[in-house]
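Below you'll find the structure, written out as structure tokens, and then a few comments.
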Amino acid sequence: LVLTFEFWEHLSITIFRSMAALTITVMLSLVTGIAAGRARRIMELISPLVAFLQAMPPILWVTLVMVWAGTGNAVPVLVVVASLFPPMFQSIAMASADLDSRLFMMAKLYRVNPVRILKDLILPGIFPHFLAGFSFALGSSLKVAAVAEFLGADQGIGARIYWAYRMMEMDVLFAWALVLVGLGVGIDLGVIRPMRSIAISTNRPDGGN
């Protein structure tokens, strides 16, 4: 498989879909999570939507998106976003809500620019929790994308596993499965574990020193 163009095409498609979905999830989670953590009314408005997304299993999202948009990039990307947004939003919202309110009162008293408050107070304060949520989302995005491709796409690693299963090509099925597991292990060892170590060290009172 590695010597064929088809392999690299489907591999790149799955990676692109999972990374695109992860980027969308991070942006949505940061914007809504910080806003909800700092304003009770916004939290009350967003919480029902988050609970709804969390209660929906991926297979329902695959079915609905296939009806609305057909097969293609839309199914895996939207399914990954819908699956990963709730836990990441909750992590960021809780971290934002736990920030010391006295710092915001002082910033308001001295009329500190909102951009500076975001850059120097909010983002550093939520960074360890964001890093923990991001590492979970990164580790899950590829797996969720592959499941969505298996059920509702005609390209990608998940789709190749589906067709290998349908055609009873067991050697191809296990080869693609090995590729998917290898990617997961590589991301865990090369990216997620170092990120978790950084999150743990920044959470310590001495800053990890």
Side-chain angles (χ1 to χ4, degrees), residues 1-29 52-91 130-200:
L1 281 177
V2 173
L3 299 178
T4 64
F5 172 77
E6 179 188 30
F7 171 82
W8 297 104
E9 180 185 20
H10 291 292
L11 178 66
S12 62
I13 286 172
T14 298
I15 293 175
F16 168 77
R17 287 168 173 168
S18 61
M19 292 301 103
L22 183 63
T23 301
I24 295 171
T25 302
V26 169
M27 298 298 292
L28 282 176
S29 300
F52 172 78
L53 292 175
Q54 204 163 18
M56 289 276 283
I59 191 170
L60 279 180
W61 284 115
V62 171
T63 306
L64 292 174
V65 176
M66 284 180 66
V67 171
W68 294 332
T71 59
N73 290 328
V75 174
V77 170
L78 291 178
V79 170
V80 172
V81 172
S83 300
L84 300 184
F85 172 73
M88 194 160 189
F89 163 82
Q90 290 173 347
S91 177
F130 167 77
L131 209 55
F134 180 78
S135 65
F136 168 79
L138 178 62
S140 302
S141 61
L142 201 64
K143 294 180 285 187
V144 177
V147 171
E149 289 172 343
F150 183 91
L151 297 170
D154 54 4
Q155 290 181 307
I157 295 177
R160 291 301 92 196
I161 292 176
Y162 171 80
W163 284 110
Y165 154 73
R166 286 294 301 270
M167 304 301 294
M168 296 301 292
E169 296 174 343
M170 302 307 296
D171 55 340
V172 178
L173 190 153
F174 281 110
W176 279 114
L178 185 61
V179 169
L180 188 60
V181 172
L183 283 173
V185 172
I187 291 173
D188 183 75
L189 296 179
V191 182
I192 294 176
R193 291 194 181 184
M195 288 175 61
R196 286 176 179 166
S197 299
I198 294 173
I200 292 172

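Annotation: side chain of Phe7 is not in contact with side chain of Arg160 (no heavy-atom distance under 4.5 Å). Put simply, the side chain of Met19 does not reach to within 4.5 Å of the side chain of Val77, judged on heavy atoms.
Ile157 contributes atom CD1, which lies 13.5 Å from atom NZ of Lys143 (distance to the nearest 0.5 angstrom). To the nearest 0.5 angstrom, Arg166 atom CZ is 15.5 Å from Ile161 atom CD1. Residue Gln155 holds its CD atom at 12.0 Å from CZ of Phe16, rounded to the nearest 0.5 Å. Between Ser91 atom OG and Phe134 atom CZ the span is 12.5 Å, to the nearest 0.5 Å. Between atom CG of residue Leu28 and atom CZ of residue Phe89 there is a gap of 11.0 Å, rounded to the nearest 0.5 Å. Taken to the nearest 0.5 Å, the CD atom of Glu169 stands 11.0 Å off from the CH2 atom of Trp163.
When every heavy atom of Ala164 is checked against every heavy atom of Val172, the shortest pair comes out as CB-CG1, 4.0 Å. Counting all heavy atoms, side chain and backbone alike, Gly156 lies closest to His10 at N-ND1, 3.0 Å. For Ala148 against Pro76, the heavy-atom pair with the smallest separation is CB-CA, 3.6 Å. Heavy atoms only, all atoms of each residue included: Ser135 and Ala132 are closest at OG-O, 2.7 Å. Taking all atoms of both residues into account, the shortest heavy-atom contact from Phe85 to Leu53 is CD2-CD1, 3.7 Å.
Each of Thr14, Ile15, Leu84 was compared with Ser141 under the side chain to side chain contact (heavy atoms under 4.5 Å, CB included) criterion, and only Leu84 meets it. For the side chain to side chain contact (heavy atoms under 4.5 Å, CB included) with Val81, the qualifying choice from Thr23, Thr25, Leu22 is Thr25, the only one to do so. Screening Leu183, Asp188, Val181 against Val185 for a side chain to side chain contact (heavy atoms under 4.5 Å, CB included) leaves a single residue, Val181.
The backbone N or O of Gly158 lies less than 3.5 Å from a partner atom in the side chain of Glu149, making a donor-acceptor pair. Side-chain atoms of Ser83 come within 3.5 Å of backbone atoms of Val79 as a donor-acceptor pair (strictly under, hydrogens ignored). Put simply, the side chain of Thr4 gets close to the backbone of Leu1: a donor and an acceptor are under 3.5 Å apart. Side-chain atoms of Ser140 do not come within 3.5 Å of backbone N or O of Ala137 as any donor-acceptor pair.
Note: Phe150 and Tyr162 have perpendicular aromatic rings, judged against thresholds of 30 and 60 degrees for the angle between ring planes.
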